[in-house]
Asks: 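This is the structure I have questions about; it appears just below.
Predicted model only: the values in this text are computed from it and were never measured. Reckoned from all heavy atoms, side chains included, excluding hydrogens, waters and symmetry mates.
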Amino acid sequence: MTTTTVSLKPDHKLLNPNFDGYKLSLDADVTVYTKNLQEGVEKKKNYSNCYLRTRLEALHNHFFGDPFHPLFVYYFNNRGHLVKCNYSEDSKLNAGEVVWQADLSRSSEDGSEEDGVSSGQYYASVHFPSADLAVVTNGQGSLHILETGDRTTTQSWLVSFESSTEKGVIAHTCLKEGTDHQRYIHCLLVSVTTPQSLISNSEYVITDEKLEKTKASAVHLIHWLTITYNGATWDISRIRTIAGEGTLEYCSLDEMASGLLILCHKNYSFIADSLEPIKKTKLETHEKKEVAPKFTYMQNDEDVTVWINIGSAAKKDIRVKITPQELSVHVQDIEILQGLLKHPVHADTSTWILSDSKLEMTLPKASQGVNWQGLFESGDACGEEVLDPEMVEEVNQRLAHLTSENWNPDPDPEKPVYNPGQLEACDEASEDLLLIRLDGSTHCLSNLGQLGPTQHLFNALVHGSSVPAFCIRHDVDGILWQPNGEDKFTHTATYNAFGYVKASKTMAKFTCAAADISYVAVADVNSHIYVFFQPEAFGGELRNRKSGKRMNTVARQMVISLKTHAEILGLHASPSVLFVLTDSAIFAYCLRNP
């Protein structure tokens with residue numbers, strides 16, 4: 001299967017080169033509602049010294065949004081209760097309704113490994129593939145499908161399916177309808193393990209030699225579960241496993257749930273499939289032997305000169321035939337070269353000589369000044385054109401005005417040049433970013449995008465899509481890319497200067513964007529949240545004090561200071577309300593009218 005190259009081309013209509021920056025807006029007009037928690041948020045001690053494991057847990061967002069009901073959020077408390085919170089215009093902030101109970105008791109195996117990479121439990125997580133179903137894992141290998149009914153009403157959720165699975169946190173779920181009342185839930189579980197555990201597991205077939213010989217202390221595992229509903233019961237019909245090194249920035253199924261989309265820094269590959277076993281094919285490596293061209297030729301405005309290596313043949317053994325349209329060479333009655341010429345030549349003035357085992361033929365052009373795009377009419381698969389050094393020098397002099405050793409030798413004050421030398425250390429990316437798609441049927445890398453040393457900023461679920469979008473840095477901006485199909489990625493929105501802004505937030509923990517792309521929020525580890533709104537129409541007209549430029553829109557920036565200095569454990573951005581979770585309270589900031 002061939003790999004298709006993916007390129008992300010920004011829509012210039014969505015870029016604003018004249019963006020003037022954000023205007024600080026006070027949070028005095030923002031109404032905040034607070035609910036104290038009777039039970040704390042699920043937390044556990046981290047016994048791991050592994051970067052991937054620590055990162056997965058440290059950046060775990062304890063708030064789970066409901067894409068079908070934007071003003072509803074959920075979290076697990078330390079007793080395993082799945083608690084529902086919501087905001088409404090009538091009752092404001094409601095928090096504390098328990099809809100389900102998860103088993104969070106630690107097993108005896110937890111903490112058995114000294115490094116803590118693949119041992120212990122993960123945080124519990126919940127995702128909503130449809131308006132009436134929820135998928136829950138307790139992080140310890142127990143997965144449930146719950147029938148929620150209408151989630152806007154007060155009722156307990158019913159268990160429709162329960163199974164033991166691999167440990168991990170849910171990265172993505174989706175529901176696909178089949179024929180004969182069949183429904184398919186696809187679920188991605190992400191975990192961390194050691195390369196030693198990967199290699200020693202007989203169920204895994206490692207096809208990537210780099211992964212097999214890695215010196216990393218830990219690798220990511222992605223378990224792709226397909227759970228089928230046959231009209232009466234649910235059953236896990238297929239389990240696929242993917243592994244790879246390095247940080248996992250984005251992980252999702254594509255629109256048809258036929259492949260896996262990953263944003264990472266190193267390759268990922270399938271290592272197991274319960275229906276189609278992975279086959280490890282030993283790739284044969286063939287050394288490419290450089291084959292000397294059968295002939296070489298050089299041309300100028302008047303002549304074409306052809307050289308052929310004929311070895312130790314004598315002059316009497318050589319027969320050269322030159323006509324205005326054809327050239328042929330025989331050595332001892334063996335045809336060495338023959339073909340119709342690309343353009344006519346003067347055959348009567350053509351010459352040939354033998355020197356140092358090389359036959360040199362000079363063919364005067366019938367039409368002087370015509371540049372030949374090959375020696376023969378049928379092509380020069382066995383020949384090669386060499387350039388005249390004098391012609392190369394002439395071309396270089398002709399194009400000298402297009403190059404310069406100076407930076408911006410002719411600057412235009414109205415259009416300043418982007419100078420990468422002005423980037424600070426926080427603006428640089430340490431590793432290249434890869435966008436890959438792994439086909440779920442062939443297990444092959446079907447699409448690859450090499451995005452270069454750019455920064456991944458955040459992921460967001462946009463209204464009307466079941467596949468999350470990802471935001472990466474473009475110059476100083478942040479561009480939100482929405483996957484469509486297998487290999488199409490649409491520039492959905494631009495967050496002006498957000499790449500530069502995010503790089504300056506060295507204490508940032510969570511970054512969330514509203515589903516209507518109206519704003520993006522960055523939460524520090526504790527105390528502060530920074531909100532950046534898209535440019536909005538302003539009642540009247542503003543004038544920039546320095547430039548005098550008049551503006552009809554303003555992009556606001558808001559700094560929210562929490563009433564407590566506790567660690568921020570969850571952040572969820574709905575179009576109108578920003579939800580914040582700490583270990584002792586829930587805050588709902590009404591940024592605009594719902």
Side-chain angles (χ1 to χ4, degrees), residues 42 44 46-48 50 52-57 60 76 80 102-113 115-127 129 134-146 159 161-174 184-206 211 216-228 234-245 248 251-253 257 260 262 264 268-278 438 440 443:
E42 177 206 5
K44 64 185 184 64
N46 186 353
Y47 296 98
S48 175
C50 165
L52 292 184
R53 182 65 184 263
T54 303
R55 183 181 186 275
L56 187 64
E57 295 179 355
H60 179 79
F76 286 92
D103 181 12
L104 300 185
S105 59
R106 296 176 64 86
S107 65
S108 59
E109 298 178 355
D110 293 348
S112 58
E113 294 188 17
D115 57 9
V117 175
S118 55
S119 63
Q121 68 172 351
Y122 293 84
Y123 285 118
S125 53
V126 57
H127 275 239
V135 180
V136 182
T137 175
N138 66 350
Q140 301 181 60
S142 178
L143 183 129
H144 293 78
I145 296 179
L146 307 178
V159 177
F161 172 76
E162 179 181 359
S163 177
S164 297
T165 60
E166 297 291 338
K167 298 178 182 179
V169 295
I170 299 178
H172 183 226
T173 62
C174 65
Y184 302 92
I185 289 181
H186 296 270
C187 176
L188 298 180
L189 292 174
V190 176
S191 61
V192 179
T193 189
T194 62
Q196 293 77 15
S197 300
L198 204 67
I199 296 172
S200 62
N201 193 325
S202 60
E203 297 180 357
Y204 296 153
V205 179
I206 303 176
L211 180 60
S217 60
V219 295
H220 269 303
L221 280 182
I222 305 172
H223 299 282
W224 177 357
L225 310 180
T226 302
I227 311 170
T228 305
W234 292 93
D235 183 54
I236 296 181
S237 57
R238 189 173 188 178
I239 301 177
R240 285 163 279 194
T241 307
I242 301 92
E245 294 182 69
L248 190 64
C251 177
S252 172
L253 293 162
L260 187 63
I262 299 176
C264 55
Y268 278 64
S269 58
F270 279 92
I271 60 173
D273 189 335
S274 61
L275 288 187
E276 298 289 338
I278 305 295
L438 299 175
H443 307 141

Asks: Dump the intermediate steps for side chain to side chain contact (heavy atoms under 4.5 Å, CB included) on Ile239 and Thr165, then the final yes or no.
Replies: CA-CA 10 Å; Ile239 301 177; Thr165 60; over 6 Å; no
Asks: Yes or no on side chain to side chain contact (heavy atoms under 4.5 Å, CB included) for Phe161 and Ile236, after CA distance, side-chain angles and deciding distance?
Replies: CA-CA 10 Å; Phe161 172 76; Ile236 296 181; 3.7 Å; yes
Asks: Side chains of Val135 and Pro129: does their closest heavy-atom pair fall under 4.5 Å?
Replies: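 Answer yes - side chains close enough.
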Asks: Rounded to the nearest 0.5 Å, how far does CD1 of Ile242 lie from SG of Cys251?
Replies: 7.5 Å
Asks: To the nearest 0.5 Å, what is the distance between CG (Leu225) and CG (Leu143)?
Replies: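 So the gap between those two atoms works out to 6.5 Å.
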Asks: Show your reasoning for whether side chain to side chain contact (heavy atoms under 4.5 Å, CB included) applies to Arg240 and Thr226.
Replies: CA-CA 8 Å; Arg240 285 163 279 194; Thr226 302; 3.2 Å; yes
Asks: Could you tell me if Arg238 and Thr228 have a donor-acceptor pair between their side chains, going purely by distance under 3.5 Å?
Replies: no
Asks: Using salt bridge (charged side-chain N to carboxylate O under 4.0 Å, His left out) as the criterion, list what pairs up with Glu166, not counting sequence neighbours.
Replies: none
Asks: Write down the atom of Leu221, the atom of Ala243, and the distance for their closest heavy-atom approach.
Replies: CD2-CB, 3.8 Å
Asks: Can you give me the closest heavy-atom contact between Gly80 and Leu104, atom names plus distance?
Replies: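 Looks like CA-CD1, 3.4 Å.
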Asks: Identify the heavy atoms of Arg55 and Leu248 that sit nearest to each other, and give their distance.
Replies: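 It is NH1-O, 3.9 Å.
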Asks: Does Phe76 offer a backbone N or O that forms a donor-acceptor pair with the side chain of Tyr123 under 3.5 Å?
Replies: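 It does not hold such a pair.
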Asks: Measuring from Phe270:CZ to Tyr204:OH, what's the distance to the nearest 0.5 Å?
Replies: 13.5 Å
Asks: Report the residues that fulfil side-chain hydrogen bond (donor to acceptor under 3.5 Å, both in side chains) with His443, sequence neighbours left out, ordered by chain and then residue number.
Replies: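 Result, side-chain hydrogen bond (donor to acceptor under 3.5 Å, both in side chains) vs His443: Asp273.
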Asks: In this structure, which one of Val126, Leu189, Val169 forms a side chain to side chain contact (heavy atoms under 4.5 Å, CB included) with Thr137?
Replies: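 The option that passes is Leu189.
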Asks: How long is the straight-line distance from NZ of Lys167 back to OG of Ser142, given to the nearest 0.5 Å?
Replies: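 Answer rounded to 0.5 Å: 12.0 Å.
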Asks: Is a donor on one side and an acceptor on the other found under 3.5 Å between the side chain of His172 and the backbone of Leu188?
Replies: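 Not a single qualifying donor-acceptor pair exists.
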Asks: Looking only at heavy atoms, which two atoms of Ser217 and Pro195 are closest? And how far apart?
Replies: O-CD, 3.6 Å
Asks: Any non-hydrogen side-chain atom of Leu438 less than 4.5 Å from a side-chain atom of Ser269?
Replies: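 Answer no - side chains too far apart.
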Asks: Can you list the steps and then say if Ile271 with Asn201 is a side chain to side chain contact (heavy atoms under 4.5 Å, CB included)?
Replies: CA-CA 10 Å; Ile271 60 173; Asn201 193 325; over 6 Å; no
Asks: Can you tell me how far the OH atom of Tyr122 sits from the CG atom of Leu56, to the nearest 0.5 Å?
Replies: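 It is 6.5 Å, given to the nearest 0.5 Å.
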Asks: Rounded to the nearest 0.5 Å, how far does OG of Ser252 lie from NE2 of His186?
Replies: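 Those atoms lie 12.0 Å apart.
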Asks: Identify the two heavy atoms, one from Leu211 and one from Glu245, that lie closest to each other, and give their separation to 0.1 Å.
Replies: CD1-CG, 4.1 Å
Asks: Can you tell me if Thr241 uses its side chain to pair, donor with acceptor, with the backbone of Ala272 under 3.5 Å?
Replies: no
Asks: Taking all non-hydrogen atoms of both residues, which atom of His220 and which atom of Val190 are closest, and how far apart?
Replies: ND1-CG1, 3.9 Å
Asks: Any side-chain to backbone donor/acceptor pair from Asn138 onto Asp103? Under 3.5 Å, distance only.
Replies: yes
Asks: Got a sec, which residues hit ring-ring contact (aromatic ring centres under 6.0 Å, His included) with His223, two or more places apart in sequence or on another chain?
Replies: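 ring-ring contact (aromatic ring centres under 6.0 Å, His included) list for His223, sorted by chain: empty.
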